[in-house]
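A quick write-up on the structure given underneath.
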Number of protein chains: 2
Amino acid sequence: MSNANKPDTRKLILDTAEELLLTRSFSAFSYSNIASALGVKNAAIHYHFPSKTDLGVAIIQRYRRRFKRWSEQQEMLSADPWQKMEWYFDLTVRYYSQNQRICPSGVLSAEFLVLPPEMQAETRLFVDDLIAWCTRILAEGQQQGYFSFAGVAREKAVNIMAALQGGLQLTRVLSSGELLDNIARQIRIELGAVGQPV
Amino acid sequence: MSNANKPDTRKLILDTAEELLLTRSFSAFSYSNIASALGVKNAAIHYHFPSKTDLGVAIIQRYRRRFKRWSEQQEMLSADPWQKMEWYFDLTVRYYSQNQRICPSGVLSAEFLVLPPEMQAETRLFVDDLIAWCTRILAEGQQQGYFSFAGVAREKAVNIMAALQGGLQLTRVLSSGELLDNIARQIRIELGAVGQPV
DNA sequence: AACTGTACTTACTGATAGGTAAGTTGTCAA
DNA sequence: TTGACAACTTACCTATCAGTAAGTACAGTT
């Protein structure tokens, strides 16, 4: 009851900045973009996030927390590896359906060299999280006989993540919604799908 | 003998802009960056490329010409599909080794929505070229019994291009040179490599 | 010797960027 | 009732952005 109606400007800023990041990239959005979208003044953003670096870091940290909760929920539902991968495909596809977004690791890695060091460090951690998750699912799925792919789990994981990241970007260029579905289908085949998934 | 010593400033500008594009992205480099790198004034760049859009378009058009020549040379050497794919891997790996560049389609598609329409159109054509080439090599290789992959050639082609594009970006984040090699290895396996390539 | 075009430089413009200092308003606790 | 703090706005700063107009230096042509 205490902070039920506390102003959620901070969250609104993060949400807006997140959309601008995934549609325009970090270099190509400004505090004014956020301010005008929210109907507040430029300095209001600086009140919550003193520098653009602070804002950028906060966005990535929120992604990491979200992804952690997301993967924990998967475990709670005790889904099989196929189902988990399908959920990951969904996650990816859903980016594009929201204003043609691409995935965070995609934007951040594309302009990595111009990001402030603090954001670079956070991006690294985020990508590590993603690859670690995917590697784990793949290894489990292989052990339990769900997947039958050639090569090491981690290499396969990186390949899958790279294909989805690149696929999301190419989808935007060719504005072809099926492109990502085709990539997902290819990945399923290469994981040894023999009629299992939809 | 006529234009042997003509000033090649235009080419130098394109070269410098190209490096800045692949390392910093289009939004994150300026005419001043190029000018100071070449030891000329800002307006000198505007003389050769009136607007930044003109410059951007020229860079992409040069990529398209280059790639066309590159693929034509492959044909002249009458290499087999495996060799052609290996050359393409090389091409990709070589980007990163030059100041941690990523591939043009990677940068351009990541910031696609903030590119001027003229550049978007040119990017589309460029990506079409790349996919068309890869699809052709894959289809030929399949027909001639070099490759044995599951699914349609074009889908496989897009998957490979996406994986390389994403892999190049992830390589930069994790500063791991082997990452791309691992992706190339995965692709070889999935093309049905049974000891053929190195 | 005069003219022409190329390849610039100098000097500027208005717009926008990220950021800051100082003031204003409303809420809540002592 | 006062004080304190959170959440802003107003007003401003400097730097940089892409872009332009006018001038200059020089090579080749007539």
Side-chain angles (χ1 to χ4, degrees), chain A residues 1-21 23-60 107-108 111 113-120, chain B residues 1-21 23-60 107-108 111 113-120:
Chain A
M1 255 94 167
S2 59
N3 59 352
N5 57 347
K6 78 142 184 283
D8 52 356
T9 309
R10 196 193 140 93
K11 187 187 176 302
L12 287 171
I13 293 171
L14 276 173
D15 290 343
T16 310
E18 183 181 310
E19 157 149 17
L20 289 166
L21 174 72
T23 53
R24 300 180 54 90
S25 89
F26 188 72
S27 324
F29 83 80
S30 71
Y31 270 39
S32 310
N33 295 147
I34 306 171
S36 64
L38 294 181
V40 296
K41 295 299 161 183
N42 217 312
I45 320 289
H46 280 285
Y47 171 76
H48 292 281
F49 303 96
S51 79
K52 203 183 171 188
T53 300
D54 296 324
L55 175 57
V57 168
I59 296 174
I60 309 173
V107 217
L108 296 170
E111 54 181 349
L113 265 29
V114 286
L115 293 180
E118 297 91 330
M119 285 185 66
Q120 291 188 342
Chain B
M1 256 97 171
S2 60
N3 59 353
N5 56 349
K6 79 144 183 283
D8 50 357
T9 309
R10 195 192 141 93
K11 188 187 176 300
L12 287 171
I13 292 171
L14 276 172
D15 290 343
T16 310
E18 183 182 310
E19 158 150 18
L20 289 166
L21 174 72
T23 54
R24 299 179 56 92
S25 89
F26 189 72
S27 325
F29 84 79
S30 70
Y31 270 39
S32 311
N33 295 147
I34 305 172
S36 65
L38 294 181
V40 296
K41 296 298 161 183
N42 216 312
I45 321 290
H46 280 286
Y47 172 75
H48 292 279
F49 303 95
S51 78
K52 204 183 171 188
T53 301
D54 296 324
L55 176 58
V57 168
I59 296 173
I60 309 173
V107 216
L108 296 170
E111 54 181 348
L113 265 29
V114 286
L115 292 181
E118 297 91 331
M119 284 184 67
Q120 291 187 343

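As the structure is a computational prediction, the values presented were derived from the model and not from experiment. Just so we're on the same page: letters track the sequence lines, and every chain starts at 1.
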Next item on the list: Could you state the atom-to-atom distance from CG of A/D8 to C1' of D/dA7 in whole Å?
Entry: 13 Å
Next item on the list: Keeping the roles fixed (side chain from B/Y31, backbone from B/S51), state whether a donor-acceptor pair exists under 3.5 Å.
Entry: yes
Notebook entry, point to check: Can you check the A/Y47 OH to C/dT24 C1' distance for me, whole Å?
Noted result: 14 Å
Margin query: From CZ of B/R10 over to P of C/dC8, roughly how many Å is that when rounded to an integer?
Written below: 12 Å
Next item on the list: Check whether any side-chain N or O of B/H48 sits under 4.0 Å from OP1 or OP2 of C/dT6, and answer yes or no.
Entry: no
Check: Can you find a side-chain donor-acceptor pair between B/T53 and B/E118 that sits under 3.5 Å?
Finding: no
Next item on the list: Please confirm whether B/K52 makes a cation-pi placement over B/F29, using NZ or CZ under 6.0 Å from the six-membered ring centre and within 45° of the ring normal.
Entry: yes
Next item on the list: Please list, by residue number, the residues of residues 25-39 of chain A whose heavy atoms come closer than 4.0 Å to an atom of DNA chain D; answer none if no residue qualifies.
Entry: none
Check: Which pair of heavy atoms, one from A/V107 and one from A/L21, lies closest together, and at what distance?
Finding: CG1-O, 3.4 Å
Note to self: Counting the atoms with a prime plus P, OP1 and OP2 as sugar-phosphate, which does A/K41 contact under 4.0 Å by heavy atoms, base, sugar-phosphate, or nothing?
What the structure shows: base
Margin query: Test your reading of the model: is there a side-chain donor-acceptor pair from A/E111 to the backbone of A/F26, 3.5 Å cut-off?
Written below: yes
Check: Which comes earlier along DNA chain D counting from the 5' end, the contact point of B/H46 or that of A/V40, where each point is its nearest nucleotide?
Finding: A/V40
Margin query: Testing B/N42, B/L12, B/V40, B/L55 one by one against B/I34 for a side-chain contact (heavy atoms from CB on, under 4.5 Å), which residue passes?
Written below: B/L55
Notebook entry, point to check: Starting at CG of B/N42 and ending at C1' of C/dT10, how long is that distance when rounded to a whole Å?
Noted result: 12 Å
Checklist line | Shortest non-hydrogen separation from A/F49 to A/I13 and the atoms involved | finding: CE1-CG2, 3.6 Å
Margin query: Tell me the interatomic distance from B/K52, atom NZ, to D/dC17, atom P, rounded to whole angstroms.
Written below: 9 Å
Next item on the list: Would you please confirm or rule out a distance under 4.0 Å between OP1 or OP2 of C/dC8 and any side-chain N or O of B/T9?
Entry: yes
Next item on the list: Calculate the interatomic distance between A/I45 atom CD1 and D/dC8 atom P; express it in whole Å.
Entry: 9 Å
Item checked: d(CZ, A/F49; P, D/dA7) in whole Å -> 12 Å
Check: Side chain of B/A43: nearest nucleotide among C/dA11, C/dG19, D/dG19?
Finding: C/dA11
